[in-house]
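Below is one structure, written out as structure tokens, with a few remarks after it.
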There are 2 protein chains.
Amino acid sequence: MDETSQKIIDATMSLIRDKGYVATTTKDIAILAGVNECTLFRKFKNKKDIVMNGMEQEKWRGNLTPEIFRNVRWELQPDLEMFMEEYMNRITPDFVKLSIGLRAPQIYDETAPLIMKIPRAFVSSLIEYFQSMEQKGKLPHLDFEGLAMIIFSNTFGFTFLNASFDNKLTSINKENYIKTTVATFIQGIPHY
Amino acid sequence: MDETSQKIIDATMSLIRDKGYVATTTKDIAILAGVNECTLFRKFKNKKDIVMNGMEQEKWRGNLTPEIFRNVRWELQPDLEMFMEEYMNRITPDFVKLSIGLRAPQIYDETAPLIMKIPRAFVSSLIEYFQSMEQKGKLPHLDFEGLAMIIFSNTFGFTFLNASFDNKLTSINKENYIKTTVATFIQGIPHY
DNA sequence: CCGATATGCAAGTGATTACTTGCTTTTCAT
DNA sequence: ATGAAAAGCAAGTAATCACTTGCATATCGG
């Protein structure tokens, strides 16, 4: 990946994040990338190709792999706090906005499965985590899918709302929110 | 509001919901509304005017007023379940998609405050509810803003994820999800 | 029935857009 | 220094878009 192509990709994804795919023109991309407009088409097949290449890059994909679910201490409180924190550190407001900007009819068929990878990874890994906790005798058998969805809906919802409304909806900071949520959750679920 | 104008508004908002504002053309609007394209401009100043008129209508605005917070039984479980259920009944997947489609640079300055009304109403009314419960001696003094955000993030998150991914992320149905969430929450917060 | 109003139709306007073309200049590697 | 590759520049193309115009047709209400 040469430097010019990378500049084009970065400019494109930034503009999509700010204005959406359809409202992002190749002229704007060229200006922001600091290249001539025809250079875009020397490097990429078309506008969509720039995006698809951008989404191959970790930088623009919001990397959240099952790896973080392996750095656990097998204690609910620190582990759940860590999962939520990792999610919020990687799924930044900018990434949320980019995900929204990628919802365009021209590309959504291709971008949607990529966007869905992260929620899927998070939820299924969290279910596995709960199952392992059960096997270790630290949790009774519960509806782990439902519990995973509670944690994830919560995490995602807070992240999205902050990305959309900044602090106009709530002034709670992330760390306090995580602690309160996890404490309430742990206290609320059945224990041995 | 004459019938033709209403047809135009309905067609416009439907297309924005499906394709976003920028990708919604006046030609598509006219076809879907079953009118001639020039009729759009006889009835409305421009494309944006159609949208702004649409957002004045309850049908396209996702009505969620503080009224539902008055039909309470002053018991946490039924009340919280009712709040979540009312939200999910009114904020349908279609409304979620419309909200996303309205995020276009050309109109977002105007639509964003309208979109934010609902989260704001929900969170602040929920805070008031918790405060009233405290006054009635049914809850100790707690960080009600934090708790309201937990409930709302959860409700919003689940709603949004279902709107975006259908049942590809989870097959949990709404009612079970609400019951589990509320039960866990109530069990998890401090009581007298 | 008839006049007023509403709407259709087709063509058009000016602007914008993604993308192309042909030539020129700059950069890079040997 | 030199040739090849990379990139700039300006103009261009074809299509699309929001919106307009002038005429024709349909509908409505008295």
Side-chain angles (χ1 to χ4, degrees), chain A residues 1-57 60 98 101-111, chain B residues 1-57 60 98 101-111:
Chain A
M1 178 62 64
D2 63 289
E3 189 189 326
T4 303
S5 294
Q6 190 60 47
K7 287 201 297 191
I8 291 168
I9 289 175
D10 292 346
T12 303
M13 304 305 271
S14 297
L15 286 163
I16 290 174
R17 177 194 67 206
D18 296 337
K19 307 164 75 165
Y21 177 84
V22 184
T24 293
T25 65
T26 53
K27 179 178 169 182
D28 286 339
I29 294 172
I31 291 171
L32 187 60
V35 302
N36 192 277
E37 195 173 343
C38 76
T39 305
L40 307 190
F41 300 97
R42 290 203 176 111
K43 301 284 181 180
F44 299 96
K45 266 180 15 194
N46 47 43
K47 183 168 124 181
K48 177 173 170 176
D49 188 40
I50 309 178
V51 176
M52 301 318 295
N53 273 274
M55 297 201 67
E56 299 279 332
Q57 301 188 353
W60 295 107
L98 176 60
L102 290 169
R103 298 178 76 138
Q106 296 90 330
I107 58 174
Y108 198 53
D109 284 349
E110 271 122 299
T111 56
Chain B
M1 175 65 60
D2 63 291
E3 187 189 327
T4 302
S5 297
Q6 190 59 46
K7 288 202 293 191
I8 292 168
I9 288 174
D10 292 345
T12 304
M13 305 305 269
S14 297
L15 286 164
I16 289 173
R17 179 195 66 206
D18 296 338
K19 306 164 77 166
Y21 177 83
V22 184
T24 292
T25 65
T26 52
K27 180 177 167 185
D28 286 340
I29 294 170
I31 290 170
L32 187 60
V35 303
N36 191 275
E37 196 173 343
C38 79
T39 305
L40 307 190
F41 300 96
R42 288 201 178 115
K43 302 282 180 180
F44 301 95
K45 266 180 17 194
N46 48 42
K47 181 166 127 182
K48 178 174 170 176
D49 188 39
I50 309 177
V51 177
M52 300 320 293
N53 272 275
M55 296 200 69
E56 298 280 330
Q57 303 188 352
W60 294 107
L98 176 61
L102 290 167
R103 296 177 77 141
Q106 296 90 334
I107 58 173
Y108 198 52
D109 285 348
E110 270 122 300
T111 55

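Here is the naming used below: chain letters follow the sequence lines, and residue numbers restart at 1 for every chain. Side-chain atoms are counted along with the backbone in the values below, which use heavy atoms only and exclude waters and symmetry mates.
A salt bridge does not link Asp49(B) with Lys43(B): every distance from a Lys NZ or Arg NE/NH1/NH2 to an Asp or Glu carboxylate oxygen is 4.0 Å or more.
With rounding to whole Å, Ile8(B) atom CD1 is found 10 Å from dT7(C) atom C1'. Note: CD (Glu37(B)) to P (dA10(C)) measures 13 Å, nearest angstrom. Atoms CD1 (Ile29(B)) and P (dG8(C)) sit 14 Å apart, rounded to a whole Å. Distance, Glu3(B) CD to dC28(D) P: 10 Å, rounded to whole Å. The CD1 atom of Ile31(B) sits 17 Å away from the C1' atom of dT7(C) (whole-angstrom rounding). Atom CZ of Phe41(A) and atom C1' of dC9(D) are 16 Å apart (whole Å). Atom CG of Leu40(A) and atom P of dA18(C) are 10 Å apart (whole Å). Spacing between atom NZ of Lys27(B) and atom C1' of dA11(C) amounts to 14 Å, rounded to whole angstrom units.
Taking only side-chain nitrogens and oxygens, Thr4(A) comes nearer than 4.0 Å to OP1 or OP2 of dA7(D). Proximity of Thr39(B) to the phosphate of dT7(C): no side-chain N or O atom is located under 4.0 Å from OP1 or OP2.
Put simply, the side chain of Thr25(A) does not reach to within 4.5 Å of the side chain of Lys47(A), judged on heavy atoms. A heavy-atom distance below 4.5 Å is found between the side chains of Phe41(B) and Thr26(B).
Side-chain proximity of Cys38(A) to dC9(D), dA18(C), dT7(C): nearest is dC9(D). Of all nucleotides listed (dC19(D), dT17(C), dC19(C)), dC19(C) comes nearest to the side chain of Asn46(A). The nucleotide whose nearest atom lies closest to any side-chain atom of Arg42(A) is, among dA18(D), dC19(D), dC9(D), dC9(D).
Checking side-chain atoms of Lys7(A) against main-chain N and O of Ala30(A) turns up no donor-acceptor pair under 3.5 Å. Within the 3.5 Å criterion, the main-chain N or O of Ile8(A) finds a donor-acceptor partner in the side chain of Thr12(A).
Nucleic acid contact for Lys43(A): sugar-phosphate only, since backbone atoms but no base atoms lie under 4.0 Å from a heavy atom of the residue. Using a 4.0 Å heavy-atom criterion, one finds that Thr24(A) contacts the sugar-phosphate atoms exclusively.
Nearest-nucleotide mapping onto DNA chain C: of Lys48(A) and Asn36(B), the residue sitting toward the 5' end is Asn36(B).
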